[in-house]
Undergrad: 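The structure's right below; bear with me while I get my questions together.
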Amino acid sequence: MTTRTRIGLAGFGTVGQDVARRLDSGALPEAVLSAITARDLEKARGNAAALQSRPAIVPLAELARHADVICECATAGALPEIARAVLGAGKTLVIVSAGGIPDFPDMVDYARQHGGRIRIASGALPGLDAIRGAKEGQIRSVKLRTQLRPDSLVKEDYIRRQGFDFTTPPKEPVKVFQGTAGEAAAAFPRHFNVAITLSLGGIGFDKTQVEVWADPTVPGAIHNVEVDAEDVGLTMQSRNRPSATNPRTSRMVAPSIMAALRSMVATLQVGS
């Protein structure tokens, strides 16, 4: 019988638990959930108690010993520590919180030095395969326009510093940011994994232009991407549906992780 790939989860909140249930149900027969780490290990043990796969609940420092591929399901702030532990052990890391990558600028060199590999899940980003294909030629410009619910921005420090108060939602869309992807990720670390992923797949943090709108008419985040390249012109949109258990999280995050894992272990891979 073919040996199944051991999957570890670093983070066990809404996304991590969703991925765990999918793996536990046999959605990916080539893989098995083998280990979980989280900030609160006792809470993680309770949340994992119903899983048939009985994954080990271990501190981050021990996670790489129990898994071949580790999915980061935590936060941008936690990513550098997770990445050092996983990549330093020469394992493969699937990243969700790409907004934390600028806080570990030497991540690729660190992974190369230790034999680790990095895979960024596309999450809510539309058309990443097409953008990567366009990058094989020349990309002249990349623009991202994002519409977010005002209540998802209420507690953001950047929003407060700019003088916006969305405790009472505006009646019309309000532009709250315009700048580069790197600036957007610094201003909105919880929201702009998409901007960082788009930058890495395209022309970089400083050349990718971003607009952010607080829009009371949208049920979830909407991302509009425009790419002008020598080989193709792309206009793409994703309309995210919020998680039923955590409205601040997109329902597409866990499926995106599963798709990334599937492309790593399945016999047939569709897309580049």
Side-chain angles (χ1 to χ4, degrees), residues 14-15 75-77 96-102 120-128 130-131 134 139-229 232-256:
T14 300
V15 172
T75 63
V96 170
S97 305
I101 291 175
I120 302 176
S122 56
L125 179 65
L128 186 56
I131 294 167
I139 297 178
R140 291 183 279 264
S141 67
V142 178
K143 298 177 182 178
L144 170 65
R145 182 179 185 273
T146 291
Q147 297 156 260
L148 297 169
R149 288 175 53 88
D151 58 3
S152 74
L153 295 170
V154 167
K155 296 182 180 180
E156 295 290 343
D157 290 338
Y158 175 85
I159 291 295
R160 292 172 174 173
R161 291 197 302 268
Q162 298 305 308
F164 295 109
D165 181 3
F166 293 138
T167 52
T168 300
K171 294 182 179 180
E172 297 181 352
V174 177
K175 183 163 70 172
V176 298
F177 176 87
Q178 183 167 354
T180 67
E183 293 167 342
F188 305 100
R190 275 199 321 109
H191 292 284
F192 274 84
N193 299 322
V194 166
I196 295 302
T197 302
L198 179 61
S199 300
L200 292 171
I203 55 177
F205 303 144
D206 297 330
K207 294 181 180 179
T208 302
Q209 297 299 307
V210 176
E211 283 186 12
V212 182
W213 291 74
D215 190 338
T217 69
V218 299
I222 297 178
H223 300 293
N224 295 275
V225 178
E226 291 192 8
V227 177
D228 178 31
V232 67
L234 301 170
T235 300
M236 302 167 290
Q237 182 182 86
S238 67
R239 292 178 169 270
N240 293 343
R241 295 182 171 88
S243 164
T245 56
N246 183 357
R248 292 187 177 187
T249 300
S250 167
R251 284 177 58 178
M252 264 304 292
V253 178
S256 173

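The structure presented is a predicted model; accordingly, all values stated were derived computationally and were not measured.
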Undergrad: Let me confirm one number: the NZ-CG distance from Lys143 to Leu234, rounded to the nearest 0.5 Å.
TA: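 Rounded to the nearest 0.5 Å, the NZ-CG separation comes out at 14.0 Å.
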Undergrad: Atom CD in Glu156, atom CZ in Phe164: separation rounded to 0.5 Å?
TA: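 Going from the CD atom of Glu156 to the CZ atom of Phe164 covers 13.0 Å.
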Undergrad: What is the minimum heavy-atom distance between His223 and Ala221, and which atoms define it?
TA: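 Distance-wise, the nearest heavy atoms are NE2-CB, 4.0 Å.
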Undergrad: Rounded at 0.5 Å granularity, tell me how far CE in Met236 sits from CG in Leu144.
TA: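 Met236 atom CE to Leu144 atom CG measures 10.0 Å (nearest 0.5 Å).
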Undergrad: Between Ala76 and Gly99, which heavy-atom pair has the shortest distance, and what is it?
TA: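 Between these two residues, the closest heavy atoms are CB-C, 3.8 Å.
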Undergrad: Ile196 and Ala98: which non-hydrogen atoms are nearest, and at how many Å?
TA: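 Shortest heavy-atom contact: CG2-O, 3.2 Å.
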Undergrad: So Arg160 and Lys155, do their side chains get closer than 4.5 Å, heavy atoms only?
TA: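 Lys155 reaches Arg160 side chain to side chain.
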Undergrad: Go through the steps to decide whether Glu183 and Phe177 satisfy the test side-chain contact (heavy atoms from CB on, under 4.5 Å), and finish with yes or no.
TA: CA-CA 9 Å; Glu183 293 167 342; Phe177 176 87; 3.8 Å; yes
Undergrad: Counting heavy atoms not belonging to Arg239, are there more than 12 under 6.0 Å from its CZ?
TA: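 Incorrect, the count does not exceed 12.
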Undergrad: Which value, rounded to the nearest 0.5 Å, describes the distance between Ile120 atom CD1 and Leu200 atom CG?
TA: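 Nearest 0.5 Å value for the CD1-CG distance: 4.5 Å.
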Undergrad: If you draw a 6.0 Å radius around CZ in Arg140, do more than 12 non-hydrogen atoms from other residues or ligands fall strictly inside?
TA: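 More than 12 heavy atoms, drawn from other residues, nucleotides or ligands, come within 6.0 Å of this atom.
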Undergrad: Please report the shortest heavy-atom distance between Pro126 and Ser238, naming the atom on each side.
TA: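 In terms of heavy atoms, the two residues are closest at CD-OG, 3.8 Å.
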Undergrad: Please report the shortest heavy-atom distance between Gly123 and Met252, naming the atom on each side.
TA: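 Scanning both residues, the minimum pair turns out to be O-CE, 4.0 Å.
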Undergrad: Show me the donor-acceptor pairs within less than 3.5 Å that the side chains of residues 202-216 make with the rest of the protein, sequence neighbours left out.
TA:
residue : atom : partner : partner atom : Å
Thr208  : OG1  : Gly204  : O            : 2.8
Glu211  : OE1  : Trp213  : NE1          : 2.9
Asp215  : OD1  : Thr217  : N            : 2.9
Asp215  : OD1  : Thr217  : OG1          : 2.6
Asp215  : OD2  : Gln147  : NE2          : 2.9
Asp215  : OD2  : Thr217  : OG1          : 3.4

Undergrad: Here's a test for you: under side chain to side chain contact (heavy atoms under 4.5 Å, CB included), which of Thr235, Val194, Ile131 qualifies with Val225?
TA: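 So the option named by the test is Ile131.
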Undergrad: Within this structure, what is the CG-CG distance for the pair Asn193 and Leu125, rounded to the nearest 0.5 Å?
TA: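 If we round to the nearest 0.5 Å, Asn193:CG and Leu125:CG are 11.0 Å apart.
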Undergrad: Set out, in order, the CA-CA distance, both residues' side-chain angles and the distance that settles side-chain contact (heavy atoms from CB on, under 4.5 Å) for Val176 and Phe188, then state yes or no.
TA: CA-CA 11 Å; Val176 298; Phe188 305 100; 4.3 Å; yes
Undergrad: Check step by step if side-chain contact (heavy atoms from CB on, under 4.5 Å) holds for Arg149 and Val218.
TA: CA-CA 6 Å; Arg149 288 175 53 88; Val218 299; 4.1 Å; yes
Undergrad: Nearest 0.5 angstrom please: Asp151 CG to Thr168 OG1, how far?
TA: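 Nearest 0.5 Å value for the CG-OG1 distance: 12.0 Å.
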Undergrad: So, using side chain to side chain contact (heavy atoms under 4.5 Å, CB included) as the criterion, who are the partners of Thr14 when residues are at least two apart?
TA: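 Scan of Thr14 (side chain to side chain contact (heavy atoms under 4.5 Å, CB included), adjacent residues dropped) gives Ser243, Thr245, Asn246.
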Undergrad: Which pair of non-hydrogen atoms, one from Asn224 and one from Ile222, has the smallest distance, and what is that distance?
TA: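 In terms of heavy atoms, the two residues are closest at ND2-CG2, 3.7 Å.
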